[in-house]
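Everything numeric here is computed off the predicted structure, so don't read it as measured data.
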Amino acid sequence: MSPHPEPAPEPAIEWRVESAPVDYPAALADMEARAAAIFEGRAAERVWLLEHPALYTAGTSADPAELLDPRFPVHVAGRGGRYTYHGPGQRIGYLNIDLRERGKDVRNFVHHLEGWMIDALGDLGIAARRAEGRIGIWTDDRQGREAKIGALGIRVRRWVTLHGFSINVDPDLSHFGGIVPCGLAEYPVTSIAALGMKASTAALDAALARHFPAFIGRLRRCPPGVEQCGTGG
């Protein structure tokens, strides 16, 4: 584990960046332990940025028919969603955030997590966006097709979040062919590199750090009748 080159975006939240790939079972166990410690008041909240060896994960809605070619290990993730791919060249962000102190509003958390990813990608020159009715972060690829560049899957236990997001920096996109990514067979997957942009995990990390204070500041309970609060801040 190597320290982030910049100060943590918020003093109360640990910002941890791994320099070497982390095995999925070890990461899952660490994340679960950290969530329990946060709930019990024994640890600070954490943003954990890392990379995994090539693997597939199955969320709670995974359909076995969407595992087309199990060429890599398949892990049951315990998060929401379907099948996803993780591997070299992809930035993973695991978030252990205490929503007891931040509004107890899961829908608001997910909405602003998407916004954080979109803002960070915007700093790298990528016009990313949400897509109505579809999970994930989307953009137009070099052929003009709507393509997925980021995924997210969250679990909340005792109001502490687990799991988080992935953004494709420069992975081998053929590895996604072993699954139907997030159950969306009709849409391609893209990456920062595939869009012709300079693919730097360090640059993405720096963009995430810049926009993190705004993201965390928006996590509060929305007024009655408001779907997502803090969108203008």
Side-chain angles (χ1 to χ4, degrees), residues 49-72 74-75 77 79-93 107 110-154 163-208 210-211 215 227-228 231:
L49 301 180
L50 52 83
E51 183 176 282
H52 287 308
L55 57 92
Y56 298 125
T57 67
T60 54
S61 302
D63 181 347
E66 294 171 354
L67 180 61
L68 307 177
D69 175 14
R71 68 187 81 166
F72 303 119
V74 181
H75 298 274
R79 52 154 176 81
R82 298 165 90 163
Y83 283 105
T84 61
Y85 166 76
H86 295 319
Q90 184 186 69
R91 177 48 95 211
I92 306 295
R107 189 182 296 269
V110 171
H111 177 80
H112 291 306
L113 173 55
E114 293 170 336
W116 180 32
M117 297 166 69
I118 289 167
D119 290 344
L121 286 166
D123 280 9
L124 305 182
I126 295 170
R129 60 184 179 269
R130 301 175 181 87
E132 185 68 30
R134 279 182 268 130
I135 298 296
I137 304 301
W138 302 81
T139 190
D140 294 327
D141 68 13
R142 298 176 86 175
Q143 289 73 48
R145 303 171 299 176
E146 192 168 26
K148 191 170 188 177
I149 193 168
L152 61 158
I154 296 296
H163 300 278
F165 67 86
S166 63
I167 295 175
N168 299 327
V169 179
D170 189 14
D172 184 336
L173 295 179
S174 72
H175 289 179
F176 287 87
I179 58 171
V180 178
C182 301
L184 299 170
E186 62 270 40
Y187 296 98
V189 177
T190 192
S191 67
I192 296 172
L195 294 173
M197 306 294 184
K198 184 177 180 181
S200 164
T201 300
L204 175 61
D205 290 352
L208 289 166
R210 278 193 297 274
H211 290 280
F215 160 65
E227 191 74 5
Q228 287 90 30
T231 54

Note, Leu68 side chain near Ile179 side chain (heavy atom, < 4.5 Å) = no
Derivation and outcome, side-chain contact (heavy atoms from CB on, under 4.5 Å), residues Asn168 and Thr190 = CA-CA 7 Å; Asn168 299 327; Thr190 192; over 6 Å; no
CH2 of Trp138 to CD of Glu114: how many Å apart, nearest 0.5 Å?
-> 11.5 Å
Under 3.5 Å donor-acceptor, Arg134 side chain and Ile137 backbone = no
Could you check if a side-chain atom of Ile192 sits within less than 4.5 angstrom of a side-chain atom of Asp170, using non-hydrogen atoms only?
-> no
How far apart are the closest heavy atoms of Ser166 and Ile92, and which atoms are they?
-> CB-CD1, 3.6 Å
Are the aromatic ring centres of Phe215 and His112 under 6.0 angstrom apart?
-> no
Give a yes or no on whether the backbone of His111 and the side-chain of Arg130 come within a donor-acceptor separation of less than 3.5 Å.
-> yes
CD-CG distance between Gln90 and Leu50, expressed to the nearest 0.5 angstrom | 10.0 Å
Could Asp140 and Arg129 be called an ion pair, given the rule that one side-chain N must be under 4.0 Å from one carboxylate O?
-> yes
Side-chain heavy atoms of His86 within contact of Thr57, under 4.5 Å = yes
Under 6.0 Å between the ring centres of Phe176 and Tyr85?
-> yes
Just one of Asp141, Val189, Val169, Ile126 clears the side chain to side chain contact (heavy atoms under 4.5 Å, CB included) bar with Ile149, so which one?
-> Ile126
Electrostatic pair Glu51:Arg91 at N-O distance under 4.0 angstrom | no
Polar side chain donor-acceptor pair, Thr84 to Arg79, under 3.5 angstrom | yes
Ala62 and Tyr83 have their tightest heavy-atom pair at CB-CE1, 3.8 Å
If every non-hydrogen atom of Leu208 is compared with every non-hydrogen atom of Ala120, which pair is closest and at what distance?
-> CD2-CB, 3.7 Å
For the side chain of His163 and the backbone of Ala77, is there at least one donor-acceptor N/O pair under 3.5 Å apart?
-> yes
Mind checking whether His211 and Asp123 have side chains closer than 4.5 Å, heavy atoms only?
-> yes
In short, Leu121 meets Ala128 closest at the heavy-atom pair CD1-CB, 3.8 Å
Atom pair CG/CG of Leu124 and Leu204 - distance to nearest 0.5 Å = 6.0 Å
Which atom names give the shortest non-hydrogen contact between Ala54 and Pro88, and what distance separates them?
-> N-CD, 3.8 Å
How about His175 and Phe72: are their ring centres within less than 6.0 Å of each other?
-> yes
Side chains of Tyr187 and Glu146 in contact at under 4.5 Å (non-hydrogen atoms) = yes
Check Tyr56 against Asp69 and note the closest heavy-atom contact, atom names and distance.
-> CE1-O, 3.6 Å
